[in-house]
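Contents: one structure, followed by commentary.
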Amino acid sequence: MISGRSVWASLLACALGFAQTIASAQASERDGQHDFDFHFGTWKTHISRLRQLPSGAAKWVTLDGTVVVRKIWGGRANLEEVEADGAGGRFEDLALFLYNPAAHQWSMSFAGSDDGALGFPSTTGEFKAGRGEFYDQEMRHGKSVLVRIIWSNITPTSHHFEQAFSSDGGRKWETNFTASLTRLKQNVEPATGDRVTSQGAAADPDGEHAFDFGLGIWTEHTSRLLHPLTGSKTWLQMDGVSVDKPIWNGRANLVELESDGPKGHLELLSLRLYNPQSRQWNLYFATSRVGIVSGPMTGEFKHGRGEFFSQDTVNGEAILARFTVMRISANCERSEQAFSADGGKTWEVNWINNYARIQ
């Protein structure tokens with residue numbers, strides 16, 4: 001007969017052993033937040049793309065251009081801009097790289113200037129022995145395929161990028177995109193709005209240049225409702241600096257915010273992309289604490305005021321979210337986030353940002 005004390009001793013020993021195993025695994029888990037440090041700077045790129053012809057045959061086309069990679073959050077994120085030309089036409093693309101500190105993995109989200117939308121799901125993975133492998137699942141021509149991206153042959157002055165698809169669960173892979181990169185410059189000077197043409201903003205104030213008024217550096221005061229949609233009246237105050245940089249000559253932009261308050265330090269980014277087909281903007285958000293991109297919030301500007309909407313979840317319930325941007329004057333702007341739990345009949349504002357221009 002086994003005594004109760006023996007049973008509890010055995011259970012305790014198992015629990016302690018399991019805890020030690022978890023602690024050992026966590027201790028040995030690799031911190032990869034600087035794995036993409038090699039990528040920062042300006043590069044010359046030679047691209048080969050596999051194109052499907054109307055006949056159904058495949059043909060490789062080549063392009064040559066430039067890649068510019070900007071550091072975000074000290075390297076725990078980065079933004080890559082690609083411009084290339086060749087037999088395959090014009091290629092204007094960007095990629096947002098985010099490090100997830102909980103998973104110790106990186107995600108990559110890609111967008112082209114032709115539709116201004118980040119592809120979902122993000123391609124996710126990690127580096128091992130100097131080689132990065134990243135995967136996701138997508139629909140291509142009505143069929144689900146696995147996507148694999150490999151970063152390899154990494155040196156201080158060059159590296160290689162390769163994308164491949166698999167339609168049989170990863171048994172066979174077909175490479176469809178490669179890029180060889182050679183370094184031109186080590187560092188990239190931060191852009192704060194000087195590369196955007198003012199003529200474009202004047203001609204199209206509510207379209208692809210609608211966010212031009214926000215380019216530059218701003219102080220920001222944030223008021224945040226602590227518990228939205230609960231009846232809470234507790235607001236937190238934060239203060240910081242926001243830097244708004246242009247992409248694609250204003251047809252996209254990246255906002256980086258750092259602020260501090262009672263809940264600590266906040267590092268947030270917002271990537272805004274213009275869709276020339278719908279004449280709307282897609283807004284994406286991420287924080288360094290989570291390292292996962294959310295969105296999009298989609299909408300447009302009318303008479304200098306932008307409204308953007310999405311569906312979200314709060315306290316386990318589906319709600320509508322609204323983000324509003326307005327220009328108050330040349331040196332002041334304001335944005336607000338609000339939630340609705342009744343299909344948009346009423347809105348509760350839960351995040352207010354007031355900006356004053358520094359530059």
Side-chain angles (χ1 to χ4, degrees), residues 96 98 109 111 116-118 120 205-216 218-229 232 235-238 240-247 250-259 261 266-275 278-290 292-315 317-328 332-356:
L96 179 65
L98 297 173
S109 304
L118 286 179
F120 280 99
D206 283 344
E208 64 181 32
H209 287 279
F211 274 107
D212 282 9
F213 71 87
L215 299 175
W218 306 75
T219 61
E220 180 188 42
H221 178 74
T222 296
S223 299
R224 173 189 168 197
L225 186 60
L226 188 57
H227 299 293
L229 301 179
S232 170
W235 288 79
L236 299 179
Q237 308 301 317
M238 303 182 72
V241 175
S242 175
V243 181
D244 193 338
K245 307 171 185 178
I247 305 169
R251 288 170 288 128
N253 62 82
L254 176 70
V255 178
E256 297 177 57
L257 167 68
E258 291 197 31
S259 61
L266 172 68
E267 291 177 313
L268 179 145
L269 67 79
S270 176
L271 180 63
R272 302 159 172 175
L273 306 175
Y274 181 70
N275 184 336
S278 64
R279 291 183 59 82
Q280 291 183 310
W281 285 83
N282 292 312
L283 276 55
Y284 303 87
F285 299 88
T287 66
S288 63
R289 188 173 299 174
V290 178
I292 299 174
V293 65
S294 65
M297 302 189 78
T298 302
E300 59 195 303
F301 277 81
K302 291 182 179 179
H303 310 297
R305 176 188 173 96
E307 287 195 343
F308 311 89
F309 298 89
S310 68
Q311 189 175 44
D312 209 332
T313 302
V314 173
N315 303 324
E317 295 185 10
I319 56 98
L320 297 180
R322 181 185 69 196
F323 189 73
T324 306
V325 179
M326 62 205 82
R327 181 178 185 175
I328 299 173
C332 297
E333 63 173 280
R334 180 184 177 96
S335 63
E336 295 180 355
Q337 177 182 269
F339 292 160
S340 173
D342 57 10
K345 296 182 181 67
T346 60
W347 292 90
E348 179 187 71
V349 175
N350 56 67
W351 198 301
I352 302 171
N353 304 308
N354 286 298
Y355 305 84

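Everything numeric in this text was worked out from a predicted model, so none of it was measured.
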Handout entry: Closest non-hydrogen atom pair, Leu98 against Ala286
Key = CD1-CB, 3.8 Å

Practice task
Could you tell me whether the side chain of Ile352 reaches within less than 4.5 Å of the side chain of Arg334, counting heavy atoms only?
Solution key: yes

Practice task
Run the numbers on Thr324 and Arg305 for side chain to side chain contact (heavy atoms under 4.5 Å, CB included), then give the verdict.
Solution key: CA-CA 7 Å; Thr324 306; Arg305 176 188 173 96; 3.5 Å; yes

Handout entry: Any Leu269 side-chain heavy atom under 4.5 Å of Leu96 side chain
Key = yes

Completion exercise
In this structure, CG of Asn282 is separated from CE of Met297 (nearest 0.5 Å) by 11.5 Å

Problem - Nearest heavy-atom neighbours spanning Pro296 and Ser310 - result: O-CB, 3.5 Å

Problem - Euclidean distance, Met238 CE relative to His221 NE2, rounded to 0.5 Å - result: 10.5 Å

Exercise for the section: State, yes or no, whether a side-chain contact exists between Leu118 and Leu273 at a heavy-atom distance under 4.5 Å. Expected result: yes

Fill in the blank from the handout: Between Ser223 and Gln237 the two heavy atoms that sit nearest each other are OG-OE1, 2.8 Å

Exercise for the section: Any chance you could measure Glu348, atom CD, to Leu229, atom CG, to the nearest 0.5 Å? Expected result: 5.0 Å

Handout entry: Leu271 and Phe285, any side-chain heavy atoms less than 4.5 Å apart
Key = no

Exercise for the section: Using distance alone, with no hydrogens and no angle criterion, decide if Tyr355 and Glu220 have a side-chain donor and acceptor under 3.5 Å apart. Expected result: yes

Practice task
For Asp312 and Ala321, indicate whether the former's side chain and the latter's backbone hold a donor-acceptor pair under 3.5 Å.
Solution key: no

Exercise for the section: With the side chain counted from C-beta on, respond yes when Trp235 and Thr222 share a heavy-atom pair under 4.5 Å apart, and no when they do not. Expected result: no

Exercise for the section: May I have the step-by-step check of ring pair (Phe, Tyr, Trp, His ring centres under 6.0 Å) for Phe309 and Phe323, ending in yes or no? Expected result: CA-CA 6 Å; Phe309 298 89; Phe323 189 73; over 10 Å; no

Problem - Test: Glu256 and Lys245 ion pair at under 4.0 Å - result: yes

Practice task
If the plane angle is over 60° it's perpendicular, under 30° parallel, otherwise tilted; pick one for Phe308 and Phe211.
Solution key: parallel

Handout entry: Under 3.5 Å: donor-acceptor pair, side chain of Ser270, backbone of Val255
Key = no

Handout entry: Trp218 side chain vs Cys332 backbone, donor-acceptor pair below 3.5 Å
Key = no

Exercise for the section: Identify the heavy atoms of Asn253 and Ile247 that sit nearest to each other, and give their distance. Expected result: C-CD1, 3.9 Å

Completion exercise
When every non-hydrogen atom of Arg224 is compared with those of Trp351, the smallest separation belongs to CD-CZ3, 3.7 Å

Practice task
Calculate, to the nearest 0.5 Å, the distance between atoms CG and CG belonging to Leu236 and Leu266 respectively.
Solution key: 11.5 Å

Problem - side chain to side chain contact (heavy atoms under 4.5 Å, CB included) between Glu258 and Val241, worked out - result: CA-CA 6 Å; Glu258 291 197 31; Val241 175; 6.0 Å; no

Practice task
Output the distance between atom CG (Leu225) and atom OG (Ser232), rounded to the nearest 0.5 Å.
Solution key: 5.0 Å

Problem - Any donor-acceptor N or O pair under 3.5 Å, side chains Gln280, Asn275 - result: no

Problem - Six-ring centre of Trp347, Arg322 cation under 6.0 angstrom, axis tolerance 45° - result: yes

Practice task
Determine, for Asp244 against Arg272, whether the closest basic-nitrogen to carboxylate-oxygen distance falls under 4.0 angstrom.
Solution key: yes

Problem - Heavy-atom closest pair, residues Asp342 and Lys345 - result: OD1-N, 3.1 Å

Problem - Spacing of CG belonging to Leu226 relative to CG belonging to Asn350, to within rounding of 0.5 Å - result: 11.0 Å

